[in-house]
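The first residue of the sequence shown is numbered 1, and numbering continues consecutively from there.
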Amino acid sequence: MTQQLPSPVRRAQARQETPDVSAELGFRPATKDGRKVRISIQGVSGCGKTKTGLSVAHGLAEGERFGVIDTEHGASSLYVGENGIHFDTLCMDRYDPRDLIKALETAAKAGYPVIKVDSLSHFWKGADGTLDQVEKAASRYGGNSFAGWKDGTPLQNDMVQALLTYPGHVVATMRSQTEWVLQENARGRREPVMVGMRAEQRKGIEYEFDIAAEMDITNRLRFLKSRCPALHQQILERPDGARDIAKPVLDWLRSNPAQ
C-alpha cells in the first residue's frame with residue numbers, strides 16, 4: 001500500500017526588519033575641537049626641511065617630547081637640543097608602507113602628541129616602498145605593472161589613511177624632484193640654480209594634508225596650500241617653525257568662531 005504524504009502547510013515567515021540607516025547617520029554641529037593638523041614640507045636637498053619640520057613639531061608638542069620616524073640615516077638627531085628641541089626617534093632602513101603603519105601604531109600607543117615622518121618619500125620610492133611593492137607584484141602577473149598596482153594601491157592608501165587617523169599632529173617631509181635652471185643673480189648674470197619640482201610621492205599627495213609647503217635652497221618657505229587662513233599664500237624667509245608655523249596653527253585650531 002502506498003503511503004500518502006500530508007498536504008503541505010503554508011506558514012507565514014516572520015518579517016525581516018530593515019535597519020534604519022538614518023538613525024545611524026546623525027548630523028551634528030561642526031567643530032574644530034580635538035582636531036589635529038597634518039603638515040607636509042617638501043624641498044630639495046639642503047633646503048632645511050628636516051630642521052624646519054622638527055621646529056614645527058616642537059611647537060605643536062608645546063614642550064612635550066614627540067616622536068620622529070627617521071628614514072634619513074639619523075639626520076634628525078643632529079639637531080637634538082637646538083632651541084630646546086628634544087624627541088625620540090625610530091630609525092628605519094626598509095620602507096614597506098605596512099611598516100610605517102606599524103610605526104604609527106607604536107607611536108600612538110606611546111602617546112606622542114606629535115609624530116614627524118622624515119621623510120615620506122622613502123615609503124614611495126625607497127627599498128620595499130610602494131613602487132618596489134608594485135614591481136614585485138607585477139612579476140607575479142607576468143611583468144604587467146598595471147596589474148601590479150592592484151596590490152600597490154591598497155598599500156599606499158592604507159598608509160595615507162594611517163597618517164590621517166593618527167591621534168596627534170603629523171608633520172611629514174618629502175624630497176622634491178630636482179632640476180637645474182638658469183636664473184639671473186643679483187649681479188645680473190645668469191647662473192644655474194637647483195630648484196624643486198613636485199614631491200617624490202604619489203601624485204596628488206598634497207591633497208591629503210591641511211597645510212603643504214615647499215622650501216628652496218635659500219631656506220625660503222612658500223605655502224602651496226593652507227586651510228589655516230593666517231598661512232594662506234604666505235612666504236617665509238628662514239622660518240622659525242615653532243613661532244611662524246606651529247603657533248598660528250594652534251591658535252587657528254583653538255579659535256571658536258561665533259555660531
Just verifying a value: how many Å separate [X] [atom1] and [Y] [atom2], rounded to the nearest 0.5 Å?
| X | Y | atom1 | atom2 | answer |
| --- | --- | --- | --- | --- |
| Cys47 | Glu214 | SG | CD | 9.5 Å |
| Asp93 | His122 | CG | NE2 | 10.5 Å |
| Ser226 | Trp252 | OG | CH2 | 6.5 Å |

Can you hop from [X] to [Y] via hydrophobic side chains spaced under 4.5 Å?
| X | Y | result |
| --- | --- | --- |
| Tyr79 | Val56 | yes |
| Leu155 | Leu131 | no |
| Met159 | Leu104 | yes |
| Leu221 | Leu60 | yes |
| Val171 | Leu100 | no |

Would you say [X] and [Y] make side-chain contact, with heavy atoms under 4.5 Å?
| X | Y | answer |
| --- | --- | --- |
| Met174 | Val117 | no |
| Phe223 | Leu236 | yes |
| Arg222 | Leu224 | yes |
| Arg202 | Thr153 | yes |
| Lys150 | Asn144 | no |
| Ile41 | Thr52 | yes |
| Ile245 | Ile211 | no |
| Asn219 | Glu237 | no |

So, [X] side chain and [Y] main chain: donor-acceptor pair closer than 3.5 Å or not?
| X | Y | value |
| --- | --- | --- |
| Asp70 | Leu90 | no |
| Asn83 | Ile85 | no |
| Lys225 | Phe209 | yes |
| Arg65 | Phe87 | yes |

Can you tell me which residue pairs pass the salt bridge (Lys or Arg N to Asp or Glu O under 4.0 Å) test with a partner in [range], sequence neighbours excluded?
| range | answer |
| --- | --- |
| residues 242-252 | Lys247-Asp251 |
| residues 30-41 | Arg35-Asp210 |
| residues 74-85 | Lys51-Glu82 |

Salt-bridged, [X] to [Y], with N to O below 4.0 Å?
| X | Y | value |
| --- | --- | --- |
| Lys116 | Glu72 | no |
| Arg175 | Glu200 | no |
| Asp151 | Arg140 | yes |

Notebook entry, point to check: Would one find more than 12 heavy atoms of other residues, nucleotides or ligands at under 6.0 Å from atom NZ of Lys102?
Noted result: no
Indicate whether the side chain of [X] and that of [Y] have a donor and an acceptor atom separated by less than 3.5 Å.
| X | Y | value |
| --- | --- | --- |
| His58 | Ser55 | no |
| Tyr95 | Asp132 | no |
| Gln201 | Ser121 | no |
| Gln161 | Glu208 | no |
| Ser76 | Asp118 | yes |

Check your understanding: Regarding Arg198 and the six-membered ring of Trp124, is the cationic atom NZ or CZ under 6.0 Å from the ring centre and inside 45° of its axis?
Key -> no
Can you name the nearest heavy-atom pair linking [X] to [Y], along with the distance?
| X | Y | answer |
| --- | --- | --- |
| Ile69 | Ala103 | CD1-CB, 3.8 Å |
| Thr71 | Ser119 | OG1-N, 2.8 Å |
| Val44 | Lys49 | O-NZ, 3.2 Å |
| Val134 | Ser145 | CG1-O, 3.9 Å |
| Ser77 | Thr89 | OG-CG2, 3.8 Å |
| Phe66 | Tyr112 | C-CD2, 3.6 Å |

Only residue of Leu164, Asp158, Asn157 satisfying side chain to side chain contact (heavy atoms under 4.5 Å, CB included) with Val160 is Leu164
- Can Arg227 and Glu206 be said to form a salt bridge (charged side-chain N to carboxylate O under 4.0 Å, His left out), step by step? CA-CA 12 Å; Arg227 291 174 178 146; Glu206 66 275 4; over 6 Å; no
* Checking side-chain contact (heavy atoms from CB on, under 4.5 Å) for the pair Asp96/Thr130: CA distance, chi angles, key distance, verdict? -> CA-CA 7 Å; Asp96 188 319; Thr130 297; over 6 Å; no
| Intermediate values then yes/no, side-chain contact (heavy atoms from CB on, under 4.5 Å), Asp128 and Phe123 | CA-CA 8 Å; Asp128 291 336; Phe123 295 98; over 6 Å; no
